[in-house]
Amino acid sequence: MMALSARNVAAFVLPSSSLPSRRFITSLKSSGQPFPLESTKSPWAPENVEQEKKGINKSRFRQHVNPLARKFQMQTELDEGWPNNGIFTEPSLPLHVDIGCGKGGFLLELAKDRMNNLVAPEKQRNYLGLEIRPSVAQFAKGRLERHGLLGMVDFIGCNANVDLDRILTKYRKYGRVDIISIQFPDPHFKKAHQKRRVVTKHLVETMAKHMIEGGEIFIQSDVKDVLDNMRETIREYGREFFDDTIENVHEYLEINPIGIPTEREISVLNEGLPVYRTVFVRNCKTIDC
């Protein structure tokens, strides 16, 4: 077995927030050194987020990740008392969940609009954004204080297909879930990558399990195939629990029913391009949990 200098040993240290590359594995095998253990911390753990942020331009975040990668199959770190740990001033309010919230601009604008327009008490709610990219989720959370929305909005870094059930189970101890939005998700154009798309059988079943009767799922995309795929998946696996507000699958909502556009939506519309949308409504049928 070859002896390694301290310098060579350091070269084989695996970053805690990364999985080993093929080149790393090949180099390690050729050295005869034992394979190091992977980090047992989730990629959303604070120390791993800081590791990921090193070398990243603050004005530019990684655009795509593979949600099926092993590190993104780990559960996120969530405070035991959430959401009744001070994160929401009124955890009993209905919850709007935005899956794939990015830097959080949509929820921040929505929450400010509702706050500034003094909506009726029965229309007040809390807002929760879920984002798989750790540094982006942390950035979104850091915007809350600047926008004066602490206690009304929260952001969690997680894989929705792994953590949504756990998160909504905890929230439903105090409040109900009545709106879920999925807007302009990563299209994963390559056929081999389409299994990475966010709306899955498991996600649909989780939404059916936790949403109240009359609750709404709002989906939209500027890529027709992506919207059609989300719609088809919800129709197939949620047909007993969700009703598409537009019966004809070749028709779409012309207007955003929420009234607050995402940054992507604004960009697409400014270019004169179409946006494809629909809304599903939770019916009264109960689900066997």
*Which pair of heavy atoms, one from Gly104 and one from Ala140, lies closest together, and at what distance?*
N-CB, 4.1 Å
*side chain to side chain donor-acceptor pair (under 3.5 Å) between Thr206 and Asp165, intermediate numbers included*: CA-CA 6 Å; Thr206 299; Asp165 182 57; 4.9 Å; no
*Row check, Phe106 ring normal vs Arg264 NZ/CZ: under 6.0 Å, within 45°*: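 No, cation not above the ring by the 6.0 Å, 45° rule.
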Do [X] and [Y] make a side-chain contact, defined as non-hydrogen atoms from C-beta onward lying under 4.5 Å apart?
X: Asn126; Y: Asp154; answer: no
X: Met74; Y: Val162; answer: no
X: Met115; Y: His147; answer: no
X: Ile246; Y: Arg231; answer: yes
X: Glu232; Y: Val249; answer: no
X: Thr262; Y: Phe184; answer: yes
X: Phe218; Y: Asn256; answer: yes

*Scan Leu227, Val279, Thr233, Ile99 and name whichever one has a side-chain contact (heavy atoms from CB on, under 4.5 Å) with Ile219.*
Leu227
_Let me check something: do Ile258 and Leu108 share a hydrophobic cluster, defined by ILVMFWY side-chain heavy atoms less than 4.5 Å apart, either directly or through other members?_
yes
*Going hydrophobic residue to hydrophobic residue with side-chain gaps under 4.5 angstrom, can you get from Tyr237 over to Ile287?*
yes
Test: [X] and [Y] ion pair at under 4.0 Å:
X: Lys209; Y: Glu205; result: no
X: Arg196; Y: Asp186; result: no
X: Lys170; Y: Asp79; result: no

*Counting heavy atoms not belonging to Gln124, are there more than 12 under 6.0 Å from its CD?*
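Count over threshold, so yes.
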*Would you find more than 12 non-hydrogen atoms of other residues, nucleotides or ligands less than 6.0 Å from Leu273 atom CG?*
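Result for CG/Leu273: enclosed.
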Hey, does the side chain of [X] reach the backbone of [Y] with a donor-acceptor pair shorter than 3.5 angstrom?
X: Asp163; Y: Cys158; answer: no
X: Arg133; Y: Gly102; answer: no
X: Glu90; Y: Ser92; answer: no
X: Gln220; Y: Gln183; answer: no

*Contacts of Asn229 that satisfy side-chain hydrogen bond (donor to acceptor under 3.5 Å, both in side chains) - sequence neighbours left out*: none
*Test side-chain hydrogen bond (donor to acceptor under 3.5 Å, both in side chains) applied to Arg143 - qualifying residues, sequence neighbours left out*: none
*Classify the angle between the aromatic ring planes of His96 and Tyr127 as parallel (below 30°), tilted (30 to 60°) or perpendicular (above 60°).*
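Tilted: the ring planes of His96 and Tyr127 meet at 30° to 60°.
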*Parallel, tilted or perpendicular: which fits the ring planes of Tyr171 and Trp82, with parallel below 30° and perpendicular above 60°?*
tilted
*Look up atom CZ in Arg282 and atom CD1 in Ile212, then write down how far apart they are to the nearest 0.5 Å.*
10.5 Å
*Nearest 0.5 Å, what's the CD-CG distance between Glu131 and Asn159?*
10.5 Å
*asked:* Determine whether Asp228 and Tyr252 satisfy the following criterion, side chain to side chain donor-acceptor pair (under 3.5 Å), listing intermediate values before the conclusion.
replied: CA-CA 10 Å; Asp228 288 345; Tyr252 308 89; 2.7 Å; yes
*According to the salt bridge (charged side-chain N to carboxylate O under 4.0 Å, His left out) rule, which pairs have a member within residues 110-121, sequence neighbours left out?*
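The answer is Glu109-Lys112.
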_Residues Thr200, Asn161; criterion side chain to side chain donor-acceptor pair (under 3.5 Å); working and verdict_ = CA-CA 8 Å; Thr200 64; Asn161 271 290; 2.5 Å; yes
